[in-house]
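Scroll down for the structure; my scribbles are underneath it.
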Amino acid sequence: MNGAVLSGPELAALGLLADGLTHMQIAAELGVRPETAGRLLHRAQIVLRARTLPHAVALAYKAGVLGRTGC
């Protein structure tokens, strides 16, 4: 990561995306509008300097921001 920090809602949205939820499901889970969920994910992508959302998830795992689950 580049030294910037993800906010709690950004991290939560990215974690839910990593779990396979859609933008609509993320919005429902977080209790926000779908547009807000999209903005949270977009901001996380910018903070992580990721090219795509899947890339953002990968970078977050590599940085230890998202914990590894035992699959």
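Here the structure is a predicted model, which means the values were calculated and not measured.
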Does some side-chain heavy atom of R43 sit less than 4.5 Å from a side-chain heavy atom of V47? yes
Working for side chain to side chain contact (heavy atoms under 4.5 Å, CB included), residues V57 and L17: CA-CA 8 Å; V57 169; L17 184 69; 4.1 Å; yes
Looking only at heavy atoms, the pair that brings L48 and A56 closest together is CD1-O, 3.3 Å
Identify the two heavy atoms, one from H23 and one from A37, that lie closest to each other, and give their separation to 0.1 Å. O-CB, 3.9 Å
For H55 and R49 the tightest heavy-atom approach is CE1-O, 4.3 Å
What residues form a side chain to side chain contact (heavy atoms under 4.5 Å, CB included) with T22, not counting sequence neighbours? M24, Q25
Measuring from atom CD1 of I46 to atom CG of L41, what distance do you get when rounded to the nearest 0.5 angstrom? 11.5 Å
Between A13 and I26, the two heavy atoms sitting closest are O-CD1, 3.8 Å
How close do L40 and P9 get, heavy atom to heavy atom, and via which atoms? CD2-CB, 3.8 Å
What do you reckon, is NE2 of H42 surrounded by more than 12 foreign heavy atoms closer than 6.0 Å? no
Shortest non-hydrogen pair, A18 vs L66, comes out as CB-CD1, 4.1 Å
For L16, is there any backbone N or O sitting under 3.5 Å from a side-chain donor or acceptor partner on E29? no
